[in-house]
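Hydrogens, waters and symmetry mates play no part in the numbers below; they use all other heavy atoms, side chains included. Along the sequence shown, residues are numbered consecutively beginning with 1.
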Amino acid sequence: MTSSSHLLGALQGILPAIAANAANAEALRMTPPENIALLKDIKFMRALQPKAWGGLELSLPEFAEAVATLAGACASTAWSTSLLSTHSHQLALFSKQAQEDVWGQDPEATISSSIAPFGKTTEVDGGVMFSGDMSWSSGCDHAQWAIMGFIRAGAAVDPAPHQHFALIPRGDYEIIDDWHAMAMKGSGTKTLKVRNVFVPEHRIESAKALMTGKSRGYGMYPESNIFFAAYRPYFASGFSAVSLGIAEQMIKWFTERSKTRVRAYTGAEVGKDVPAYMRLAESKHQINAARALLEKDWNDLAQMGVKHALPNADQLAQWRTNQAYAVKMCVAAVDRLFESSGANAWFLTNEAQRLFRDSHMTAAHAYTDYDVCKQIYGRHLVGLEPDPRLL
């Protein structure tokens with residue numbers, strides 16, 4: 001059985017196979033089943049699942065490091081499977097019955113999501129009737145359930161209308177094969193079509209309750225160090241970790257490429273050119289800074305979980321925007337190297353162009369959009385109330 005201390009080592013053993021399958025992931029427009037099988041064998045998707053269900057309950061720094069490592073081999077695989085993993089942390093804060101619904105018959109069952117509140121609901125006895133075209137569900141082909149967002153009023157934590165999540169089984173929605181993207185092609189980020197499905201109350205949770213320790217599953221695992229926590233920092237941790245892993249892989253690619261690259265017209269050895277190693281040095285420093293920023297937050301979050309301490313508004317604002325700024329640095333570092341890598345780097349068979357494309361996609365998520373995040377943090381710093389138009 002893979003333990004938390006062994007997961008990273010086990011991951012190293014399968015990285016060559018996953019890296020070799022990166023082109024296939026793009027062709028399939030989803031994470032290849034063989035990648036999923038390899039990751040299931042080492043319990044990667046159970047990293048944040050409760051030990052009571054056979055999970056590893058990894059600390060956030062351990063998990064994020066594994067995601068970054070995986071992203072260096074195939075960012076699409078890391079993106080989709082990190083989300084399949086983090087949803088286990090979210091489910092552990094749902095009701096006991098909801099957890100039994102998902103893991104009772106299959107402890108290895110995984111969950112994708114479409115958390116933006118696109119869902120349309122009607123209140124009925126015992127729950128809601130749910131409909132919607134729920135987009136951006138990464139890894140959905142490999143999930144048995146999905147968490148879907150909608151707006152609901154009347155929750156005990158806050159009776160005003162706010163975001164809720166409905167947990168819906170695979171048999172109650174259709175996957176629309178519409179993921180035709182120029183980056184993160186293998187993530188399988190498709191749309192889930194739901195029409196008039198009953199969701200019982202025990203499979204619904206308030207987003208505010210999940211952030212404030214008031215959800216029905218909070219405290220269910222008293223010996224745990226990761227479930228006395230707000231759900232969102234764990235849910236979002238993979239986005240910046242993937243960006244970091246891509247950037248660190250770009251450093252490796254550029255370094256190796258520069259050793260043998262010769263300019264076609266002059267025969268000059270590119271690795272000995274001042275611009276090449278200056279670009280490499282600056283990008284390396286930038287990525288190191290991004291890693292340091294992320295590692296501090298990962299460790300702070302882990303320690304808060306151990307202490308059963310929930311984040312305050314200042315901490316949430318910093319963690320959210322720190323991730324986006326780290327992604328911004330990683331993208332800039334990748335761009336600096338790619339733009340001087342020559343025409344060969346643009347061939348679809350070249351790893352560099354995939355790293356370049358996927359790097360930019362990590363900055364396109366709503367959580368990592370730095371234009372949004374600097375507004376959020378700027379308002380917070382000058383004491384303004386949060387703008388409800390900003391996620």
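- Ring planes of Trp136 and Trp179: perpendicular class, angle over 60° (limits at 30 and 60°).
- At a cut-off of 3.5 Å, with distance as the only test, a side-chain donor of Asp314 or Gln318 sits close to an acceptor on the other residue.
- Among residues two or more places apart in sequence or in another chain, the side chain to side chain donor-acceptor pair (under 3.5 Å) test is passed with Lys296 by Asp300.
- Under a 3.5 Å cut-off, the side chain of Gln49 and the backbone N or O of Met45 do not form any donor-acceptor pair.
- With 3.5 Å as the limit, one finds no donor-acceptor pair spanning the side chains of Ser283 and Gln286.
- Listed by first then second residue, pairs satisfying ring pair (Phe, Tyr, Trp, His ring centres under 6.0 Å) with a partner in residues 335-358 read Phe338-Trp346, Phe338-Phe356, Trp346-Phe356, Phe356-His360, not counting sequence neighbours.
- The one candidate from Met329, Glu65, Gln323 that meets the side-chain contact (heavy atoms from CB on, under 4.5 Å) condition with Leu294 is Gln323.
- For the pair Phe130 and Asp172, the minimum side-chain heavy-atom distance is 4.5 Å or more.
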Donor-acceptor pairs under 3.5 Å, side chain of residues 223-236 to any protein atom, not counting sequence neighbours: which ones?
from   : atom 1 : to     : atom 2 : distance (Å)
Ser224 : OG     : Glu57  : OE1    : 3.2
Ser224 : OG     : Ile226 : N      : 3.0
Ser224 : OG     : Phe227 : N      : 3.3

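- Looking at Arg257 and Glu351, no side-chain N of the basic residue comes within less than 4.0 Å of a carboxylate O on the acidic one, giving no salt bridge.
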Taking distance alone, no hydrogens or angles, what donor-acceptor pairs closer than 3.5 Å link side-chain atoms of residues 10-22 to residues at least two apart or in another chain?
from  : atom 1 : to    : atom 2 : distance (Å)
Asn21 : OD1    : Asn24 : ND2    : 3.2
Asn21 : ND2    : Glu34 : OE2    : 3.1
Asn21 : ND2    : Asn35 : OD1    : 3.0

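- Taking a cutoff of 4.0 Å between a charged side-chain nitrogen and a carboxylate oxygen, Arg152 and Glu123 qualify as a salt bridge.
- Applying the side chain to side chain donor-acceptor pair (under 3.5 Å) test to Glu295 and every residue at least two apart in sequence or in another chain returns Arg291.
- Salt bridge status for Arg29 with Asp178: absent, with no side-chain N to carboxylate O gap under 4.0 Å.
- Of the possible polar contacts, one joining the Ser95 side chain to the His202 backbone as a donor-acceptor pair under 3.5 Å is found.
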Q: Walk me through it: do Tyr221 and Trp53 pass the test side chain to side chain donor-acceptor pair (under 3.5 Å)?
A: CA-CA 11 Å; Tyr221 303 103; Trp53 293 103; 3.2 Å; yes
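- Here Thr31 pairs with Ser80 under the side chain to side chain donor-acceptor pair (under 3.5 Å) rule; sequence neighbours left out.
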